[in-house]
Engineer: 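Handing you this structure, nothing more for now.
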Amino acid sequence: MSKHKRQVPGVHPYDGPAGGWGALKATAIAVRNEMETVKAPATLLRTNQPDGFDCPGCAWPDKAHGSTFQFCENGAKAVTWEATSKRVTPAFFSENTVAGLLKKTDHQLEGFGRLTAPLRYDADSDKYCEVSWDDAFAEIASTLNRLQPQEVEFYTSGRASNEAAWLFQLFARQYGSNNFPDCSNMCHEPTSVGLPQSIGIGKGTVQLDDFDRTELLISIGHNPGTNHPRMMGTLHELSRRNVPIIVFNPMRERALERFADPQNVVEMATYGATEIASTYYLVKAGGDAAALKGIAKAVIALDAATGAAVDRAFIAQHTEGYENFVADVQLTRWETIETESGLTREQLEEVGRAYVKSQATIITYGMGITQHPRGTENVRLIANLLLMRGNIGKPGAGICPLRGHSNVQGNRTVGITEKPSAAFLDKLQAVCGFSPPREPGHDVVKAMESAIGGRSKALICLGGNLAVAMPDPTRCFPAFKALELSVHIGTKLNRSHLLTGRQSFILPCLGRTERDVQAEGEQSVTVEDSMSMVHASSGKLKPASPLLRSEPAIIAGMAEATLPDSPTEWKRLIANYDRIRDLIEQTVSGFDRYNQRIRQPGGFQMPLPPRDRQWPTPSGKAVFSVYPGVEEDPPADGENVLRLITLRSHDQYNTTIYGLDDRYRGIFGRRDVLFMNEQDMLEMNIEHGDVVNLDTALPGHSLRLEGITVVAYAIARGTVGAYYPESNVLIPLDYIDPQSGTPAYKSVPVRVCPI
Ligand SMILES: Nc1nc2c(c(=O)[nH]1)N[C@H]1C(S)=C(S)[C@@H](COP(=O)(O)OP(=O)(O)OC[C@H]3O[C@@H](n4cnc5c(=O)[nH]c(N)nc54)[C@H](O)[C@@H]3O)O[C@H]1N2
Ligand SMILES: Nc1nc2c(c(=O)[nH]1)N[C@H]1C(S)=C(S)[C@@H](COP(=O)(O)OP(=O)(O)OC[C@H]3O[C@@H](n4cnc5c(=O)[nH]c(N)nc54)[C@H](O)[C@@H]3O)O[C@H]1N2
Ligand SMILES: [Mo]
């Protein structure tokens, strides 16, 4: 990117390593902008300590849950953003109409600060006005009781604790609905759907200790330097032990190349850094299936030559379907693999050799794998590759999906699902004394389609910013405005709150960092990290406003008002969350002695049978899948058509935009950029700094993003990258992985139109 003559404002190549002093500086800025400096050090030091709160920044576990403070720039941003001293008060709302606020950017909206009082939308003045909790609950209840349960959607964003999530599902199911769209439907649903088919459980199989014993790490489609920053410490250690790290990513991500660990005194003092990836393959977006099949093909060939490249005993004893998988891989031609992946046969054979050499391999993956029309099949292909060499259920090996929100996995575990199992509903019925609905409900795309069609009339959101996170705002935004009722439980103002329906409420809640005092004293909540460890989280800060309520208390308030005949003693549950945990223990398996075990430092691990080579699949064996062909996505061909991936910057948390920089990618003060390969630019006669329009190149859709500036970048040919959520205008709502319903956010063919 450096050799361009033209200077593009806000685009300066970044040459340093990730982490290091730049990360410390960025943290200092986040603290200065958001918090009183006297409070910040104590707050940050409590992050992920045994008696502190769980970092809302990511779902990566901590060694022994925080024996030492782990510095992490983006964790610090997440914490300071919540612990900010800025406030949006009722006075602020009396000065601002909703129409006026809608003109602000997402960055400005959340930047106004923490919500302080319950608010009700007043259509006459087009303003949100303060309302009492009791009135809010009574009005919500009255509308819910007028509607049919199938007409109401209960959305969860994955920050909610186990206690809040379990209570939310109890409320919704007593009301009569299984409509549980949740952020996982936009994220790791392919993992939740694909892994149970392959290994019997929809979760990763590795523990943090496995990284100490692994001999090879393959990292596919995730950007840990930004999104799982605490993982960088682990990668740094691996690299220092000379464990090969092979990366597949269409973009060069600095943290996967070079990282200076802020915990490492020598690196900091000498401006040193550690190389992270031993090999970095710029796979084409949507080329992972081809690459994975290529690696499998290479392993099969090595096995034919040596008789020892696959783990035959493991395959015979523990799996089924291996022959079919091999037959299909053999049918897949190298030429197709090379075209589709953008990598050469030699490169993939080299990975095959490294893989066969390693006695314990971990594969980590993220949104680059899941957000494709064949996301679920992609996940299963990763499982196939691991199963070939018995890399599940042995120390140092396994599959490691990098989860998104800090408790998205826990939400699922405790029953946030539109397709609950009969066993879970039976227990709920027996323990909680009501008949839960049995028919499946809606995931996010179905919920949105139902709202667009006028069939869903109310939306209750436990956190998140659903409208902005979803594809195609041209269809989704009007559907929000057409709702009879929308209720948002949140910490900060966002655009979804402003897409008001006939009746709308914003109910402000305590954040993770804040003290939660109920009738019987101070409460803790619990969360489950990416590696299935459940532990307690206790906020310590004074709440942003005395009017805030905890998420469980808000849910209980709505439930009590809506369900006068409910068999549940909602107030008693809220008085002491131990009682909620007792009910979770009785209705969800794996939580034995829940209250006792979360009081042990570090918490406890949920059952992961594949770690012991127990496969809870129908046949009791792990199952190889067949992935016909290699095309993950519909072709991106035609004149000037490339494949768009939508990305997070280093300065954002999903729809929360902390700032306008993306330091490691060399972008400062702006987000309206399109990362593009120089060869593609040359062919299309486009120069670094040109402004273009993008049109979605899928039949039947006319979606356009106007005025985006092209930046030459080390990105695979055929692939272009732009920031989410600005680029969501290009993603059709029905462009999904049909198995999991996940929007294909990383695979949209777009036409680049110079203007
Ligand atoms: N600071 C911060 N932390 C976060 C978040 C955040 O926004 N900010 N979000 C949280 C959430 S909810 C989630 S789900 C996770 C997301 O974490 P990630 O999974 O890292 O998500 P993305 O940034 O969307 O994209 C990941 C990477 O995938 C690559 N990629 C894109 N398409 C492909 C492809 O087809 N193949 C391959 N191999 N790679 C591809 C991109 O180049 C990018 O480096 O992070 C969580 N943590
Ligand atoms: N194009 C494109 N679109 C995507 C993606 C992509 O990669 N590309 N990624 C998808 C993914 S992986 C995800 S997970 C979704 C994210 O979708 P969501 O989870 O819906 O969105 P967030 O931006 O995380 O939600 C931010 C809001 O959460 C609220 N909040 C923050 N903390 C708390 C809390 O403790 N409690 C409560 N109640 N509220 C809180 C605040 O009000 C804040 O405004 O977006 C998806 N959309
Ligand atoms: Mo996510």
Side-chain angles (χ1 to χ4, degrees), residues 56-60 73-75 77-78 81-82 106 109-110 115 155-161 164 182-188 219-229 247-253 256 281 283-288 291 365-372 378 402-406 408 444 461-471 488-497 506-512 551 554 632-633 643 645-656 658 675 715-716 719 721-728 730-731 742-743 745-748:
C58 76
W60 187 257
E73 174 193 341
N74 277 358
K77 282 187 206 154
W81 193 251
E82 179 178 298
D106 294 320
L109 287 178
E110 282 212 32
L115 294 157
Y155 176 69
T156 320
S157 159
R159 268 200 198 177
S161 61
D182 83 311
C183 73
S184 174
N185 299 147
M186 298 179 261
C187 183
H188 262 293
S219 148
I220 316 180
H222 65 102
N223 184 18
T226 292
N227 298 321
H228 303 94
V247 171
F248 289 88
N249 194 311
M251 290 185 83
R252 286 220 169 264
E253 304 287 22
L256 286 168
Y281 292 114
V283 65
K284 275 192 192 171
D288 302 285
Y365 67 94
M367 299 297 100
I369 282 291
T370 60
Q371 293 175 335
H372 289 275
N378 285 350
L402 288 151
R403 290 282 171 167
H405 274 295
S406 49
V408 58
V444 279
C461 293
L462 181 53
N465 186 5
L466 179 60
V468 178
M470 289 296 287
H488 297 279
I489 303 171
T491 50
K492 289 213 167 174
L493 181 65
N494 65 45
R495 196 165 306 281
S496 299
H497 306 166
I506 302 177
L507 304 180
C509 64
L510 295 173
R512 282 270 174 89
E551 290 178 338
I554 297 172
E632 284 179 40
D633 308 329
R643 189 172 309 287
I645 56 180
T646 58
L647 301 157
R648 293 159 166 80
S649 78
H650 193 62
D651 254 4
Q652 84 182 73
Y653 197 96
N654 298 336
T655 69
T656 296
Y658 301 129
F675 298 103
I715 185 168
T719 307
Y723 294 122
Y724 138 64
E726 292 85 341
S727 52
N728 289 29
L730 291 165
I731 302 163
T742 310
Y745 293 118
K746 302 235 188 311
S747 104
V748 187

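In each ligand, atom 1 is the first atom listed, and ligand 1 is the first ligand listed.
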Engineer: Among all residues two or more places apart in sequence or in another chain, which pass the side chain to side chain donor-acceptor pair (under 3.5 Å) test with T656?
Structural biologist: E110

Engineer: Decide if the gap between the ring center of Y653 and the ring center of W81 is smaller than 6.0 angstrom.
Structural biologist: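 Centroid distance Y653-W81: not below 6.0 Å, so no.
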
Engineer: Using a strict cut-off of under 4.0 Å between a residue heavy atom and any atom of ligand 1, list the qualifying protein residues by chain and number.
Structural biologist: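 Within the 4.0 Å shell of ligand 1, which is judged on heavy atoms, sit G57, N74, C187, I220, G221, H222, N223, T226, N227, H228, F248, N249, P250, M251, E253, V283, A285, G286, D288, G366, M367, G368, H372, G404, H405, I645, L647, R648, Q652, Y653, N654, K746.
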
Engineer: So, taking the atom named NZ in K492 and the one named OG1 in T655, what distance separates them when rounded to the nearest 0.5 Å?
Structural biologist: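 Output value for this atom pair is 11.5 Å.
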
Engineer: Only heavy atoms of K492, strictly under 4.0 Å: list the atoms of ligand 2 that pass.
Structural biologist: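 Counting from 1, the qualifying ligand atoms are 41 (C), 42 (O), 44 (O).
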
Engineer: Geometry only, no angles: is N494 polar-contacting ligand 2 at N/O separations under 3.5 Å?
Structural biologist: yes

Engineer: Could you list which atoms of ligand 2 come closer than 4.0 Å to a heavy atom of Y155?
Structural biologist: 17 (O), 18 (P), 19 (O), 20 (O)

Engineer: Applying the side-chain contact (heavy atoms from CB on, under 4.5 Å) criterion to C509, which one of L462, T491, L115 satisfies it?
Structural biologist: T491

Engineer: I need the atoms of ligand 2 closer than 4.0 Å to a non-hydrogen atom of G463, numbered in the order shown.
Structural biologist: 37 (C), 38 (N), 39 (N)

Engineer: If the condition is salt bridge (charged side-chain N to carboxylate O under 4.0 Å, His left out), which residues does R159 pass it with, not counting sequence neighbours?
Structural biologist: none

Engineer: Does one side chain, of N223 or R648, offer a donor that lies under 3.5 Å from an acceptor on the other?
Structural biologist: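 Per modelled atom types, N223 and R648 side chains form no pair under 3.5 Å.
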
Engineer: What atoms in ligand 2 come closer than 4.0 Å to a heavy atom of C509?
Structural biologist: 36 (N), 37 (C), 38 (N)

Engineer: Can you tell me which portion of M470 lies within the under-4.0 Å heavy-atom range of ligand 2? Options are side chain, backbone, both, or neither.
Structural biologist: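 The answer is neither.
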
Engineer: Short list, please: which atoms of ligand 2 are under 4.0 Å from a heavy atom of I731?
Structural biologist: 1 (N)

Engineer: Enumerate the atoms of ligand 2 whose separation from the nearest heavy atom of N728 is less than 4.0 angstrom.
Structural biologist: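 Those of ligand 2 that fall under 4.0 Å from N728 are 1 (N), 2 (C), 3 (N).
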
Engineer: For E551, counting its heavy atoms only, list the atoms of ligand 2 lying under 4.0 Å from any of them.
Structural biologist: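 Those atoms are 34 (C), 36 (N), 37 (C), 38 (N).
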
Engineer: Under the criterion salt bridge (Lys or Arg N to Asp or Glu O under 4.0 Å), I'd like the reasoning laid out for K77 against D651: C-alpha separation, chi angles, the key distance, then a yes or no.
Structural biologist: CA-CA 9 Å; K77 282 187 206 154; D651 254 4; 2.7 Å; yes

Engineer: List for me each residue that meets ring pair (Phe, Tyr, Trp, His ring centres under 6.0 Å) alongside H228, sequence neighbours excluded, and say none if there are none.
Structural biologist: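 For H228 there are no ring pair (Phe, Tyr, Trp, His ring centres under 6.0 Å) partners, ignoring immediate neighbours.
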
Engineer: Give, for atom OG1 of T370 and atom CG of N378, the distance between the pair rounded to the nearest 0.5 Å.
Structural biologist: 8.5 Å

Engineer: Are a donor atom and an acceptor atom from the side chains of H405 and S157 found within less than 3.5 Å of each other?
Structural biologist: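 H405 vs S157: donor-acceptor pair found between side chains.
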
